Number of protein chains: 2
Amino acid sequence: MSKSKRLLELMMTVNRKRKFTVKELAREFGVSSRTILRDLQELGEIGVPLYSEVGPHGGYQVLNERVLPPIAFTEEEAVALFFASHALRHYADLPFETESSAALSKFYHYMPGDVRDRIDRMKNRVDFIAPTRLQKSPHLSVLLDGAVRQRVVRIAYESGGSTSDRLIQPVGIFANSGLWYCPAYCFLRSGYRLFRCDRIHAAEFDPSAVPLNLGDVDLGNWEDHRDEPLKYVYLRAELTREGVQRCEAELWHSPKAHVREDGSGWLAGHVPERDIGFFAKLFVGWGLDVTVHEPPAVVERMKRQLDEIKARYPDT
Amino acid sequence: MSKSKRLLELMMTVNRKRKFTVKELAREFGVSSRTILRDLQELGEIGVPLYSEVGPHGGYQVLNERVLPPIAFTEEEAVALFFASHALRHYADLPFETESSAALSKFYHYMPGDVRDRIDRMKNRVDFIAPTRLQKSPHLSVLLDGAVRQRVVRIAYESGGSTSDRLIQPVGIFANSGLWYCPAYCFLRSGYRLFRCDRIHAAEFDPSAVPLNLGDVDLGNWEDHRDEPLKYVYLRAELTREGVQRCEAELWHSPKAHVREDGSGWLAGHVPERDIGFFAKLFVGWGLDVTVHEPPAVVERMKRQLDEIKARYPDT
DNA sequence: TATAATAGTGACAAAGCTTGTCATAATCGC
DNA sequence: GCGATTATGACAAGCTTTGTCACTATTATA
């Protein structure tokens, strides 16, 4: 094997193993230790952040700042990737320690000139917008870390005007229209709850608490684990075309809209009784784009709410 | 310079120039043409898609499927980039021809084992959600291309139930909560308008139309170019804490909310008179989280709308 | 049609680089 | 102290790389 190729493979190998000894690599590549030593020095000169320690249990390490091997991207892929990470700049907080802008500028900088030109021309013409929020969510990394390592986190959570201490075991975190949410098992309520991260004012691991075994609960299925002995009511509503689209945008789970040929549609399905307040408020906002048929409780609430709003604006 | 380093630099150089001759590179690197030929052959074996043509004006080319040079990403950066492109999967349509999943799997595949493990563990625990829409927006590439190259596009646009033919010159495209929008100069209305891409049922370049010179209008500033001789009215409203947050999410431009210490706030600013319908509908949806003081026209509309909704649900 | 520009191949020797071996040092944990 | 480990230097054998030259082939263009 030529030296050039050996260096490339060496690069990948040291990135794969994080820790290794010279002898080990020498055996693996079928060359002498001296050669590997020389190669490693060269890799270091090229930019791979190697670190070594002598003595037993010593050896080489690749530092946290690691170099990924050359990845072949087509131009299209590179552009797509660029704009994907470009979209991240709308987020005030991210669960990653790094600033994504670093990766972005690297990506941009190393691209051949004409791809860069293409990106420049597109930069102000494509965007993925997320509402920029003022709310800060500074505890994302703790929550994510807690979810990944299944730890119990003690949070100070603000709800209904007051702040309470809770122990939670996070399932994960997700961003939706600019806000971060954290579904978690709440030890206070003995059940899964959805927390808004901007209302979490403190978060830290609680080393004394014993985590539950919830390894297979994740963002994709946590809602199935809400073991709620809930009462459900049947919801039925007629939707205009606009109404159908609002369904898609604003109702993430719960009943999906049925669509007719002409774009209009209807909602039908069971919803938790405790959510009727939510639905009433929501449907009032949709105005004439929805007509609620069932349940009467939602209709009642809507009427009451309409009256309350009307009371705000007395006739002159 | 050692051969290994020369090969690396050669890789970057041929990616930068798209077209080049052997002689050219030989001069640049200070080696003989024969050496460059040998090097290029080796690059080809490694995987760089080179293509050559003999004769005058011939030379080497790197094919469209291009290999980007080795980029040094830190682990954190790689992870952030992964999740950024992971988020793209929520979009039914993208303006790029490529499937972003290709780039994603490459990225994933080439990462060292432990980073891959880390990603695996995080995969179901972090997400950037955008509402998945049923609406298809199949003409994104044409619109984007039209924006980049400043061409006039003929579209069939559906609005208010009917479909009309229009000539537009796109400014760009952007995605917001799952829907694609296209601000453009509309030749029919002689002014800038915002189009929803899922309502554009056909789009193609109009070669006969003469584009305007709008090169410096882009997504960042097109709203300033709406040269509307509009009447403005003064809007003033009180917001609860919830109301402030809805402002941030739903009012992208127009007056920004002012926030008090306790989280509540108020809206104050001039808004186009023709938007009072929009605001009335919006504020009705916000219910008790907003109290509109001015203008009377908005309040009037809200009242009327409340009555209309109430009429839907007659007292039994 | 001739010419110049271009890629591509083979051969060869000189120069240069790479490699293994050996010797030696230094550090560290046990 | 011993063994494992990195680290460095020297050196010669062997291998690789490089430049040169000679040649072929293709193609646009003058």
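All heavy atoms count here, side chains included; hydrogens, waters and symmetry mates do not. We name chains A, B, ... by the order of the sequence lines, and we start the count at 1 in each one. Given the structure is predicted, the values throughout are model-derived calculations rather than measurements.
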Protein-nucleotide distance ([X], atom [atom1]; [N], atom [atom2]), rounded to Å:
X: B:E53; N: C:dA7; atom1: CD; atom2: C1'; result: 11 Å
X: A:E42; N: C:dT19; atom1: CD; atom2: C1'; result: 13 Å
X: A:K19; N: D:dA4; atom1: NZ; atom2: P; result: 16 Å
X: B:L40; N: D:dT18; atom1: CG; atom2: P; result: 12 Å
X: A:R6; N: C:dT18; atom1: CZ; atom2: C1'; result: 8 Å

Closest nucleotide among [options] to the [X] side chain:
X: B:S52; options: C:dT19, C:dA7, D:dA7; result: C:dA7
X: A:T35; options: D:dT17, C:dT19, D:dA7; result: C:dT19
X: B:R34; options: D:dT20, C:dG8, C:dT18; result: D:dT20

For A:V31 and for B:L37, find the nucleotide of DNA chain C with the closest heavy atom, then tell me which residue's nucleotide is more 5'. B:L37
Sequence neighbours left out, what passes ring pair (Phe, Tyr, Trp, His ring centres under 6.0 Å) with A:Y185? Give chain and number order. A:F187, A:Y192
Students should find that the end-to-end axis angle of the helix from C:dT1-D:dA30 to C:dC30-D:dG1, with five pairs defining each axis and rounding to 10 degrees, is 40°
Contact letters for nucleotides 22-30 of chain D, in which S counts primed atoms plus P, OP1 and OP2 and B counts the base, heavy atoms under 4.0 Å: ----BBBS-
So, OP1 or OP2 of D:dA7: does either fall under 4.0 Å of a side-chain N or O from A:Y60? yes
Is the distance from OP1 or OP2 of C:dG8 to the nearest side-chain N or O of B:R38 less than 4.0 Å? no
Does the plane of the ring in B:Y181 sit parallel, tilted or perpendicular to the ring in B:F174? Use 30° and 60° as the thresholds. parallel
Using 30° and 60° as the class boundaries, would you call the ring planes of B:Y157 and B:F195 parallel, tilted or perpendicular? perpendicular
Please check if atom NZ in A:K19 has more than 12 non-hydrogen atoms from other residues, nucleotides or ligands closer than 6.0 Å. yes
Pick the nucleotide of DNA chain D nearest each of A:Q41 and A:S4; which residue has the one closer to the 5' end? A:Q41
